[in-house]
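Each remark here refers to the structure printed beneath this line.
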Amino acid sequence: MNLNATIFFQMLVFFVLGWVSMKFIWPPLTKAIEERRQKIADGLAAADKGKADLAQAQARIGLIEANAKTEVQTRLAEVEKQSTVLLEQARKEAEAERARIVEQARQDALQEAQRVREALRNDVAALAVKGAEQILKREIDAKAHADLLNQLKAQL
């Protein structure tokens, strides 16, 4: 075998193998590599977008929390104000009720004192008549007795 022919056939086989590789093997391989690169790039873009969305969501959560705290503080202040107003109103109502009860008790006491005075006048008048009767040792008639008691009541 000739060395030149061997080298020539080896070169021919090499170029045929290169041409077959370039025509049938290399395009699907580059296509698969390009698809894989595109999937990786899409995944990285989605991850970056997810990070950005997460940051936005956290910022919105912070804003919502701040608004909620402000709202809670505002409502708490309103409730405290309302409770203060209601407490003041209840205190005023209690004071009015106390004044009414004290006035009613005062009126009841005055009526009781008046009733006791009347009873005392009646008792004093009866005692005075009994005493006068004993002094005079005689009985006064009923009409005169009633007139005398009425005069005595008026004087007392």
Step by step, work out the side chain to side chain donor-acceptor pair (under 3.5 Å) result for Asp108 and Gln104. CA-CA 6 Å; Asp108 290 346; Gln104 182 66 37; 3.1 Å; yes

So CG of Leu17 and CG of Leu12: to nearest 0.5 Å the spacing works out to 11.0 Å

Working to the nearest 0.5 angstrom, can you tell me the gap between Trp26 CH2 and Ile33 CD1? 6.5 Å

Note, Gln38 side chain near Glu35 side chain (heavy atom, < 4.5 Å): no

Drop me the distance from Trp19's CH2 to Phe14's CZ, to the nearest 0.5 angstrom. 15.5 Å

With rounding to the nearest 0.5 angstrom, report the CD to CD distance, Gln82 to Gln89. 11.5 Å

Nearest-0.5 Å distance that lies between atom NZ in Lys51 and atom CG in Leu54: 10.0 Å

Donor-acceptor pair between Glu103 and Gln107 side chains, under 3.5 angstrom: yes

Under a 3.5 Å cutoff, is there a donor and acceptor pairing between the side chains of Glu118 and Asn122? no

Hydrophobic clusters here meaning ILVMFWY residues chained together by side-chain heavy-atom distances under 4.5 Å, can you tell me if Val13 and Val20 are in one? no

Heavy-atom pair with the smallest gap, counting every atom of Ser21 and Pro27: O-CD, 4.3 Å

Point-to-point distance, once rounded to the nearest 0.5 Å, from CG of Asp42 to CZ of Arg37: 9.5 Å

Regarding Glu78 and Arg75, does a basic nitrogen lie under 4.0 Å from an acidic carboxylate oxygen? no

Looking at Arg91, I want to see if its CZ is surrounded by more than 12 non-hydrogen atoms of other residues, nucleotides or ligands under 6.0 Å. yes

Evaluate the side-chain proximity of Asn67 to Glu71: yes if any heavy-atom separation is below 4.5 Å, no if none is. no

Taking only Lys NZ, Arg NE, NH1 and NH2, and the carboxylate oxygens of Asp or Glu, determine whether Glu97 and Arg100 approach each other closer than 4.0 Å. yes

